[in-house]
Structure formats: structure tokens, C-alpha cells
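The basis for the numbers below is simple: all heavy atoms, side chains too, and nothing from hydrogens, waters or symmetry mates. Just so it is clear: chains get the letters A, B, ... in the order the sequence lines come, proteins before strands, and each one is counted from 1.
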Number of protein chains: 2
Amino acid sequence: MDCAIEAIADVGLHRASLAEIARRAGITKQAIFYHFATRDALIHEVLAVVTKQGAEFMAARSRQEHTPADELRAYIEANVEYIGSHRERVKALVAIAMNFTDEDGRSRLLPLDASVYGDSLAPLQDILQRGQEQGQFVEFNTRTMAMSIRAAIDAIGPQLNAIGDLDLDGYARDLVELFDRATARVRA
Amino acid sequence: MDCAIEAIADVGLHRASLAEIARRAGITKQAIFYHFATRDALIHEVLAVVTKQGAEFMAARSRQEHTPADELRAYIEANVEYIGSHRERVKALVAIAMNFTDEDGRSRLLPLDASVYGDSLAPLQDILQRGQEQGQFVEFNTRTMAMSIRAAIDAIGPQLNAIGDLDLDGYARDLVELFDRATARVRA
DNA sequence: CGATTTTTTGACCGCACGGTAAAAACGTAG
DNA sequence: CTACGTTTTTACCGTGCGGTCAAAAAATCG
């Protein structure tokens, strides 16, 4: 599994052939078939493992915060930290999510897609809505705001690959400040 | 070229084989070789055509605005409109940008990468900086802000594919409002 | 030890890929 | 009609892919 993740992150999904994965693992291609019926099953397993690890990390990081604004800050910081400390896993996840399609180009992750978005976008939107209801946040479209926050977080991955000198802590601080300004009812 | 763009947008870069493109164009695979030395040359040509068309669209849309805040609004609106009205081209562009790698997994667009980012991120950062110098914008990291704005815009593509009922005009309005709040020195 | 699980060896299949040669069709000017 | 350059076709090649099969060889463990 580790070598599969590494291979996908390194050379992309469609170049991460069974032979390539086996080579990295120091085993033969046929040994993989003993444990996985097809290549698809392997990929699905990688996806399951990576998403599960991510969920566990986030669960461990989500301490109880007192206000929606604090929750939003914690959400951004935890996500940025996770991406920074699990670059390979995140890269593999993105590679699979973007390229695991059938002949018609449709995603093969539709059931999972919902859960992936559900696990990341829904709780975020929930934080925003509670913040508005409690009067801490100004009025805005919670869906657009949630999408923008996630997009800003997910943009880290490609940037990490493109430019090596990205200051993650600084980036997280900037994001927290940015979206605090965008959501806050009154200027701090 | 149109069929190549269509194929890449439809089934992804690595499934858009010469046979597939030829089939859509109603010609044989070998006819493509008469006009393009290799498949890579074809892809590069698609990339060049699409980016050029995009640049022309943006150039035509960038009317003279009076203040950095107006420029920022115009930038967001023009970009969202372009993505909405050129979904196929944008999809093909993203597919190529994300998957056009060599054996080592490195992007083959490094020279182009710089120009792609330069054409979209640099002018944005320039708007932000002028806004700060003129006192219309509050202090923030212009790079982080520029990345966040672009990320929020680029998130439209995947969302358009995932959910069909996305209201682009509304999304553009929300984004303008969001980043106006995030950048403005004083609350409107 | 013996039985079971796991891995290797090595050969093989059908397929789709990018790419190549040479021939055939085509358009057009003399 | 012919001759010539352009464009497209038919047929083919080598390669790597996912996947299969059978049997030998390790490794694991009660």
C-alpha cells in the first residue's frame, strides 16, 4: 500500500502500473494479484486508506472551540498542517480523485465523491451557518464561502510542487486572517 | 484541433489517444501524423491555442477601470464568465496542465507553467499591490490573496462537472462580495 | 514436522498505444 | 491527359499494459 501511494504520488495514476508498484515494493506483479483481484481494487483500497487516515487526523485535531470563528480558524490550520505533513498522501489522493474515470470520462468515485465533499465541505458550511445564526458572522452565501475556503486550502498542494519555498505557517496565518475578515460582522 | 480539445475534455488527457481524436474528427489516426510530428506536438498545439484564446478573451474584457477595487471586481467577473462560456476549453486546459508529465512525474510545462501562472496570478497580484499603495486595500499578503482568489475562481470548473445547477452569475457576485470584504480598508 | 499461506518464476494472452512505410487518392497547373 | 506536390489511407511494428495460468519455492505457524 505504501509503495502504491508513493508510486501514484510520484508518477501519477495512469503511470503507476502494477509493474511499477511491484518494482517499488520489491515484489513481483503477480504477488499483487494475490491480494487484490484487479488494479481497480488496489486503487480503491489506497483511496479508502488515505481518506481514513485523513479523517482520523482531522478528528484528533478538532479540539472543542468556543465560537464559530475559532472553529473556522482551527479548521483552516488543521487542514493546512495536514497537507504540509502528508504531502505524498494528499498528492496521491488528488491524483486518484482527478483521474479515476471510466471510458466515458465520468468519475468512478461518485459515491465516494459525495463523502469526500461531505467530509470536508459540509462541516465547513455548518460552521459558517452557525456563525451567522449566532451573529458572529456577517451575511454571505455559505456554500460559496465554504467552496472558497476549501479551494484556498487545496491550492496548497500544487503550489508545494511548483515552488519549494512556500511558508506553510505563514500561509495558514494569512488564510485565517483573510477569511476572518471575509466573515466577521465587525472589523477586529 | 477542435476534436482534440473535445476529446481531452471528454475522456481526459491519457484516454484522448490519437485513434480517439481521429475517430471524432472522422479521419484516420495516421492523417494526424501528417500535420503533427508526435502526439506531444499535438497536445502542445492544443495548449497554445486554448491559452491564446483565453488571453484574447481576457484582453477584450479588461476595460479600463478607475480603482483597484473595480479592477478586482472586473477580474473576477471576467474569469467566471470565461469559465462558464468556455467550459470545454477550460476542462481540456486543466486536464493537460495536471497530467502532461514525463516519466519522472515532473510537469512538461515548466516554461509554459510560468507563463500560465504569470498571465493569471501576476496581474492579479499587481492589482492588489496598487490597491494597497493607494490605500484602498488593507494590508495583507498579496501572494496569498492572489492565490486564494484564483483558487476560488478555478474551483468553478470541477463544481460545474459535479453539480449542474451552479448559478454562475450568483457565484461571481458572491466572490466579488467576499473578496471585497477581505481586501477593503473600510467596510462598505 | 507438516500443513497452510504467501511469493516467485516464467510463460503467456489480447489489447491499445505511439509511431513508421509505402502506396493510393486528390487537387491543380501545364 | 498528364505530371507533380499534397494529403490520406492501408497495413504493419514494437512496446507496455492489465490480467491469467501452473507449478515450484519460501515463509509462517500450530
Point to revise | Partner residues of B:Ala74 under the side-chain contact (heavy atoms from CB on, under 4.5 Å) criterion, sequence neighbours left out | key: B:Glu65
Review point. Does A:Met1 have any side-chain contact (heavy atoms from CB on, under 4.5 Å) partners at least two apart in sequence or in another chain, and if so, which?
Key: A:Phe36, A:Leu42, A:Glu45, A:Val46, A:Val49
Revision key, fill the gap. In 5'-to-3' order, the base (B), backbone-only (S) or no-contact (-) status of each nucleotide in nucleotides 5-16 of chain D, using a 4.0 angstrom heavy-atom cut-off, is -SBBBBB-----
[X] [atom1] - [N] [atom2] separation (whole Å):
X	N	atom1	atom2	value
A:Arg23	C:dT7	CZ	P	19 Å
B:Glu20	C:dC17	CD	P	8 Å
B:Arg15	C:dG18	CZ	C1'	17 Å
A:Arg39	C:dC15	CZ	P	20 Å
B:His14	C:dG18	NE2	P	10 Å
B:Leu18	C:dC17	CG	P	9 Å
A:Phe33	C:dT6	CZ	C1'	16 Å
A:Ile21	D:dG18	CD1	P	8 Å

Practice item. Could you list all the side-chain hydrogen bond (donor to acceptor under 3.5 Å, both in side chains) pairs where at least one residue sits in residues 16-26 of chain A, not counting sequence neighbours? Key: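 Checked against side-chain hydrogen bond (donor to acceptor under 3.5 Å, both in side chains) - neighbours excluded - the pairs reaching residues 16-26 of chain A are A:Glu6-A:Arg24, A:Asp10-A:Arg24, A:Glu20-A:Arg23, A:Glu20-A:Arg24.
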Point to revise | ring-ring contact (aromatic ring centres under 6.0 Å, His included) partners of residues 2-30 of chain A, not counting sequence neighbours, each pair once | key: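 Pairs touching residues 2-30 of chain A that pass the test: A:His14-B:His14.
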Review point. Yes or no on side chain to side chain contact (heavy atoms under 4.5 Å, CB included) for B:Leu128 and B:Phe137, after CA distance, side-chain angles and deciding distance?
Key: CA-CA 7 Å; B:Leu128 298 172; B:Phe137 290 163; 4.0 Å; yes
Check your understanding: Looking at residues at least two apart in the chain, or sitting in another chain, which of them share a side-chain hydrogen bond (donor to acceptor under 3.5 Å, both in side chains) with B:Arg130?
Key ->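 Result, side-chain hydrogen bond (donor to acceptor under 3.5 Å, both in side chains) vs B:Arg130: B:Glu71, B:Asp126.
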